[in-house]
Participant: 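One structure, pasted below without further comment.
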Amino acid sequence: MAQRKPTPQNQPTAKASSPGARAVRLEDLAGMDSARDWGEALQLDISDYRAGEIRWDDVDSGCVVYGPPGTGKTTFARALATSCGVPLIATSYAAWQRSGEGHLGNLMQAIHGTFEAARQNRPCIVFIDEIDTMPSRNTKSRHADWFNSINNALLEELDGTDAREGIIVIGACNDPGNLDAALLRPGRLGRLIEIPLPSLEALPAILRFHLRDDVSAIDDLDAIAVQCVGRSGADIAQLVRDARRLARKSRSPLGHPHLLEVLAENLKDLSTAELSRIAVHEAGHAVTGLRLKVSEQINICLSDRPQTCLDLRIAGAGVTAQRVQNVLATLLAGRAAEEIILGAASAGAGGRANSDLAKATEVAFNAVMAQGLGPEQSLVWYGMYDSQPQIALFRPVAEEVEQLLDQAYVQAKSIITSDQDLIRLTARALLRRRAIPHNDLLMMAGMVPTTFDSKNA
Ligand code: ADP
C-alpha cells in the first residue's frame, strides 16, 4: 500500500502548549467523573505498556465521549494526552472534508492520512470530533453511499490490528443516537462515556479552575456556583472572562461583584413578567421535588437557560414505578405551577430536546418500552426510546405513555394546589436572591433534612 503523507491538520498537537501555561491534566478537570475514571485507568495501562509489562491487546482501544457542547470533550482528550505523556492528533469530519477538494476520494485519503500520522507518532491519541456527523450505515438518506464509504474507511483503520497498535482513538459527539453501532464494537471505539453538564458539586471546582489565583478574592464561591446551574464548562470560562473584562474596565481587581454583575447581565433580556413566570415555574419544580423526595439536593436558580437543579435519574435497581411517577410529576410541576398560580401555562416547558416535556416524554416511553414499569406492566422490551423514537407511532405504547404523563400531571397539580403559599414565597425569594440553595429551601418549607430514599422516593 502506498504511504500516505500526513496533512498539516494531522500533526500532533498535545505537546504544543503555550510557553508558561501549564498544560491541563486529567486531575484538573471536574464534572466528568466517568471520563476521568476511564482516562486514569488508560494512563496506567499506557505506562505499563511502555514498561513492557502488558501487551497492547490489554489496553482499551478507545471510546466515544458525548454530551452537550462546551462540556469539555475536547479538553478531556487534550488533558488525557498530557497526562499519558503522548501526542494528540486532533481532527474532525469537517477537517477531513476540508482537505483536498472535498471529493469522496480526498476525504477518505484524509482519514487514512490521520491514521498514518498516528502510526508515525505512536503511542498517541487520535481525537475525532463530531463523529456523529457520519450517520449510521443503516441510514436511508440520499447520501447513504457516500457515508457508507466514509464509515468503511474509518472501520478499516480501526480494525487494522497490528497497524492500530499504540493508537487510542477517542470520538466525540453531542448525540450518540446517530452513531453506527459498528463503531462502538469492542476493539474499535469500545464504549460510550457521557460528559454531562456539570453538577452543582462540580461547579465550584470549574470556577476555581478558571479563576486561578483570583479565587481568593471571591467571598462565597458556592453562592456563585448555585447561579451557574445549567451552564457548561465553556459557559463558566466565558463568565470569568467577562467578569475579568468588567474588572479591568473599572480598574479594580476581579471580585465577587463582577461575577454577580455578569450573571445579572445574562437576565437583562427578560422582562419582569417573564422573570416572575420563570421563578414560579422553578419554584413549582423545587417544591414538588422536595415533597416527593426525588433528589438528595435541590438547588434553584433563576437563569436564562434550562435548569438542572435536581437529580432525576431513572436507572438502576432502585427505580420503581413509584419513582418514575414522582420524577414525572416533578418534571411537569413547572408547567403545573404556571397553570395554577398564574392562570395559564406558557410554552416554556416544551420546545427543545432538553425541555421538561421532552424529558418527561422520554422517561415515560422508557418506563413503558424498556423497563416494564408502564401502567399495564407489560414485559415486552422494545428498546430504549432514543434508539427507537418511531415507537411513538405505535398506538398501544403511546396510550400507556399518555396515561403515565396524565397521572403525573394530576399529582403535580395536587401538590402545587396545596403548596401554593410556599411556591409563591419561594418564587419571590428567587426573584430577590437569584438562587436558593438546598438548605434554605428546606428552611422555607419548614422541613428538616431527611434521609433521601431512592427506593421509595
Ligand atoms: P466540547 O468539546 O465539549 O464542546 P471544549 O472541550 O471545547 O468543549 O470546552 C470549551 C472550553 O470550556 C474549554 O476551553 C475549557 O476552558 C472549558 N471547559 C469545558 N469543560 C470544562 C471543565 N470540566 N473544567 C474546566 N473547563 C472546562
Side-chain angles (χ1 to χ4, degrees), residues 9 13-14 16-18 20-40 62-84 88-95 125-134 168-179 189 192-215 218 221-222 224-225 227-245 254 259 262-263 266 305-306 308 352-354:
Q9 93 240 3
T13 58
S17 53
S18 56
R22 188 175 84 84
V24 176
R25 301 178 64 86
L26 280 180
E27 58 268 30
D28 298 320
L29 296 176
M32 46 173 85
D33 293 355
S34 311
R36 249 180 75 167
D37 287 351
W38 180 79
E40 279 161 8
C63 70
V64 173
V65 286
Y66 72 96
T71 45
K73 299 177 288 296
T74 313
T75 308
F76 166 71
R78 267 200 218 112
L80 180 63
T82 303
S83 290
C84 293
L88 177 80
I89 295 176
T91 187
S92 65
Y93 174 76
I125 294 175
V126 172
F127 176 68
I128 309 172
D129 204 1
E130 307 153 16
I131 198 162
D132 54 341
T133 321
M134 296 177 278
I168 307 286
V169 183
I170 298 183
C173 64
N174 298 334
D175 173 14
N178 246 355
L179 281 181
L189 296 182
L192 270 176
I193 302 177
E194 185 179 9
I195 302 192
L197 283 171
S199 64
L200 182 69
E201 293 73 44
L203 285 167
I206 299 179
L207 277 161
R208 222 173 276 123
F209 173 86
H210 289 287
L211 285 162
R212 303 189 297 264
D213 293 345
D214 293 321
V215 71
I218 308 304
L221 203 61
D222 288 345
I224 301 284
Q227 293 209 40
C228 292
V229 170
R231 288 172 201 276
S232 66
D235 295 328
I236 306 288
Q238 186 64 48
L239 162 70
V240 174
R241 258 196 307 276
D242 290 346
R244 283 214 165 88
R245 195 169 302 117
L254 176 68
L259 290 168
V262 177
L263 285 165
N266 289 330
R305 59 190 61 215
T308 319
R352 299 164 307 268
N354 61 351

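Both counts, for ligands and for their atoms, begin at 1 and track the order of listing.
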Participant: Does any N or O atom in G72 lie less than 3.5 angstrom from one in ligand 1, N or O only?
Facilitator: yes
Participant: Compare A30, A237, A79, C173 and give the one whose heavy atom is closest to atom 23 (N) of ligand 1.
Facilitator: A30
Participant: I need the atoms of ligand 1 closer than 4.0 Å to a non-hydrogen atom of T75, numbered in the order shown.
Facilitator: 5 (P), 6 (O), 9 (O), 13 (C), 15 (C)
Participant: Would you say ligand 1 has an N or O under 3.5 Å from any N or O of F209?
Facilitator: no
Participant: Please state which protein non-hydrogen atom is closest to atom 10 (C) of ligand 1 and give its distance, to 0.1 Å?
Facilitator: A234 CB, 3.9 Å
Participant: Short list, please: which atoms of ligand 1 are under 4.0 Å from a heavy atom of M32?
Facilitator: 23 (N)
Participant: Check for a donor-acceptor pair, side chain of S92 on one end and backbone N or O of I128 on the other, with a separation under 3.5 Å.
Facilitator: no
Participant: Starting from atom 2 (O) of ligand 1, what is the nearest protein heavy atom, named by residue and atom, and what distance separates them?
Facilitator: T74 OG1, 2.6 Å
Participant: Hey, does the side chain of R244 reach the backbone of L239 with a donor-acceptor pair shorter than 3.5 angstrom?
Facilitator: no
Participant: Short question: side chain of K73, backbone of P68 - any donor-acceptor pair under 3.5 Å?
Facilitator: yes
Participant: Identify the heavy atoms of G62 and W38 that sit nearest to each other, and give their distance.
Facilitator: O-CZ2, 3.6 Å
Participant: Quick check: does any side chain N or O of R36 sit under 3.5 Å from a backbone N or O of L29, one acting as donor and the other as acceptor?
Facilitator: yes
Participant: Measure from the side-chain N and O atoms of D37 to the backbone N and O of S34, and report whether any donor-acceptor pair falls under 3.5 Å.
Facilitator: no
Participant: Within ligand 1, which atoms have a heavy atom of G233 less than 4.0 Å away?
Facilitator: 12 (O), 17 (C), 18 (N), 19 (C), 20 (N), 21 (C), 27 (C)
Participant: Return the option from R36, E130, H210, R208 holding the heavy atom at the smallest distance from atom 26 (N) of ligand 1.
Facilitator: H210
Participant: Do side-chain atoms of S83 reach the backbone of L80 as a donor and acceptor pair under 3.5 angstrom?
Facilitator: no
Participant: Got R208 and L221 here, is their nearest side-chain heavy-atom distance under 4.5 Å?
Facilitator: yes
Participant: Run the contact test for R78 against ligand 1 with a 4.0 Å cut-off on heavy atoms, strictly below, and give the result.
Facilitator: no
Participant: Only heavy atoms of G70, strictly under 4.0 Å: list the atoms of ligand 1 that pass.
Facilitator: 1 (P), 3 (O), 4 (O), 8 (O), 19 (C), 20 (N)
